[in-house]
Amino acid sequence: MSDRLTALRRSVDQPPAGFDWDENAWREAGERVLRLVAAASTDWESRRPSPDHPDDALKLFSGPTPQDGVAFEELMTRIEREVLPTSAYNGHPRWLAYIMGAPAPVSVLGDLIASSLNQNSGLWRVTPSSTAIEVQTLSWIAEMLGFPSAAEGIFLSGGQMANIVAHAVIRDAKVPWDARAFGVRGFNGNAPQLRIYASSELHYCHEQAAEILGMGRQAVRKVPVDESYRMRLDLLAQMIAEDRSRGDLPIAIVGTAGTVGTGAIDPIPELVSAARDEGLWLHIDGAYGAFATLADNCSIGLRALSDANSVVCDPHKWLFSAIDAGVLLVREAGRLERSFAFHASYLETADRGARVDFLERGPENSRPQRAFKVWLSIQAFGRDGYAAMIDYNIRLAAYLEELVRATPGLALAAPRELSIVCWRVELEGLDRPALEELQVAVIEEIERRGIAMLSNARLQDGRTAIRACITNFRTRAEDMEKIVKASAQIGSELAAKSRR
Ligand SMILES: Cc1ncc(COP(=O)(O)O)c(C=O)c1O
């Protein structure tokens, strides 16, 4: 052996210690972790949905980079003392803000297992079980939504990313030039302006997709809605005709199955016909509402999403999966690869083409095993279990709606289709600006007192509503009663102060 080789060999004799654990260390640390997780996931009535002093987090989590390692025990104590009290709990029975699913225990543990397996779920060769599980879970979800079994899909970080990916697929399917190579301005730079039609209640991610894909936000035409917050078909037809006569290129209609504001469902059967007649792609953004197709009390209109060209749904909303888990399904197989595959030489494997390489279906190379926790949950609850719980959430919302209707000082503010209820505190003696401030103040005060976590919706006339969205398997009738009582009481307390 040469001197250099000997010296090099000696230099790697002693590896830095502390990175790995033996089985006992795993068990000890794991037991402590599970105790902490169980405590943070139960006994909800003794805890608030949101932290008492959220700003403490900024003080607690600042400071220099640690120079030396800290013992795991000490880190766990820090989590108990500092992280748990400054966290917000969307699994709390009265977390009704935005659209967030409470994470089912089985999905939380599923994420732990997936993390330990650390499957880099882009390439079949390095993740056979993960890839097969993702394919199977996508086909279960397709079946739940009435999509054909030949449909293909991909798990992404959430509804936003799934919609952005959908817009890339739509662009490549509908423009008559190679948009991947030449962009949306075309080979000569003089291609027509692309147009996508969505209701004015759309989620902002569709405009973001148009920005990211270089179509420009102007590509998204916002079609006004009717009094039920549903896209107006007469204006849709008119806008398409206007755009065509101007020389623009309409490519898609985006229908929303459960708007983020009021939970409205666009007239999907009519959008299916309109898209067919106009030769447009029909994409359904069902990030929130798509899984309501499972519920007995689902409208027939919603079920028509099975006729769309593509649909987005969010298991981390109504399948109660831990974040993150969004899904894009595309009816015609091969479309995702047509938009995303690069066939990089360093990733070529002997069985290329024979299996699914998810990195060819989307914009991520290294990707987590998102499907695993959803695969576990679907088995744990079954299609019927989910149908019953989603149905129950919708019935709770109907109960909340009636409670609001029956409570003096409160007024319903928008029609309800799914599990979102919007209401306002309406009291005499306050002008419009004061009433506007009151709605926001009530939401904030309910949060401050640790009663519930609500959020707001903007109504068609520009006013603000107090809004609750129930995508939570822990929420009960008593929780509905508490928030109605709290909004009426706090509303009149705050109104009395503002009249003074
Ligand atoms: C209709 C709709 N689309 C897209 C999204 C974005 O989903 P995510 O937050 O999972 O990215 C939401 C979020 O609430 C939504 O309601």
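Here, residue 1 is the first one in the sequence, and each next residue gets the next number. Ligands are counted one by one from 1 in listed order, and the atoms in each one are counted from 1 as well.
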Discussion item. What protein heavy atom lies closest to atom 10 (O) of ligand 1? Include the residue and the distance to one decimal.
Written reply: Asp314 OD2, 2.6 Å
Worksheet item: Going by the angle between their ring planes, with limits at 30° and 60°, are Phe320 and Phe473 parallel, tilted or perpendicular?
Response: perpendicular
Worksheet item: Taking C-beta and beyond as the side chain, do Arg476 and Asp479 meet within less than 4.5 Å on heavy atoms?
Response: yes
Discussion item. As an exercise, identify every atom of ligand 1 less than 4.0 angstrom from a heavy atom of Gly158.
Written reply: 10 (O), 11 (O)
Response to the item:
atom 11 (O) of ligand 1 sits nearest the protein heavy atom Gln160 N, 2.8 Å
Worksheet item: Hey, what's the ring geometry for His92 with Trp44, parallel, tilted or perpendicular (30° and 60° as the breaks)?
Response: perpendicular
Fill in: Minimum heavy-atom distance Pro269-Gly301, with the two atoms named
CD-O, 3.7 Å
Worksheet item: atom 8 (P) of ligand 1: which protein heavy atom is closest, and how many Å away?
Response: Gly159 N, 3.3 Å
Fill in: Proximity flag Met161 to ligand 1, non-hydrogen atoms under 4.0 Å
no
Practice prompt. List every atom of ligand 1 that sits less than 4.0 Å from any heavy atom of His316, numbering the atoms from 1 in the order shown and giving each element.
Written response: 10 (O)
Item to complete: For atom 9 (O) of ligand 1, find the nearest protein heavy atom and state the residue, atom name and distance (0.1 Å precision).
Response: Lys317 NZ, 3.5 Å
Discussion item. Distance under 4.0 Å to a non-hydrogen atom of Ile99: what atoms of ligand 1 satisfy this?
Written reply: 14 (O), 16 (O)
Worksheet item: Going by distance alone, is a donor N or O of one side chain under 3.5 Å from an acceptor N or O of the other, for Tyr197 and Asp243?
Response: yes
Discussion item. So if I count the atoms of ligand 1 from 1 in the order they appear, which ones are less than 4.0 Å from some heavy atom of Gly258?
Written reply: 1 (C)
Fill in: Atom indices of ligand 1 within 4.0 angstrom of Ala287 heavy atoms, with elements
2 (C), 3 (N), 4 (C), 5 (C), 15 (C)
Discussion item. Could you tell me, atom by atom, which parts of ligand 1 come under 4.0 Å of a heavy atom of Asn163?
Written reply: 3 (N), 4 (C)
Discussion item. One thing to verify: whether Asp248 and Arg195 come together as a salt bridge, which I'm taking to mean a side-chain N less than 4.0 angstrom from a carboxylate O.
Written reply: yes
Worksheet item: Any cation-pi pair here, Arg180 with Phe342, using under 6.0 Å and within 45°?
Response: yes
Worksheet item: Between Glu445 and Arg449, is there a salt bridge with N-O shorter than 4.0 Å?
Response: yes
Item to complete: May I ask you to decide whether Arg361 forms a salt bridge with Glu134, counting only side-chain N to carboxylate O separations under 4.0 Å?
Response: no
Practice prompt. Could you find the nearest protein heavy atom to atom 3 (N) of ligand 1 and give me its residue, atom name and distance?
Written response: Asp285 OD2, 2.8 Å
Worksheet item: Considering only the protein, which heavy-atom contact is closest to atom 12 (C) of ligand 1, and what is its distance?
Response: His203 CD2, 3.3 Å
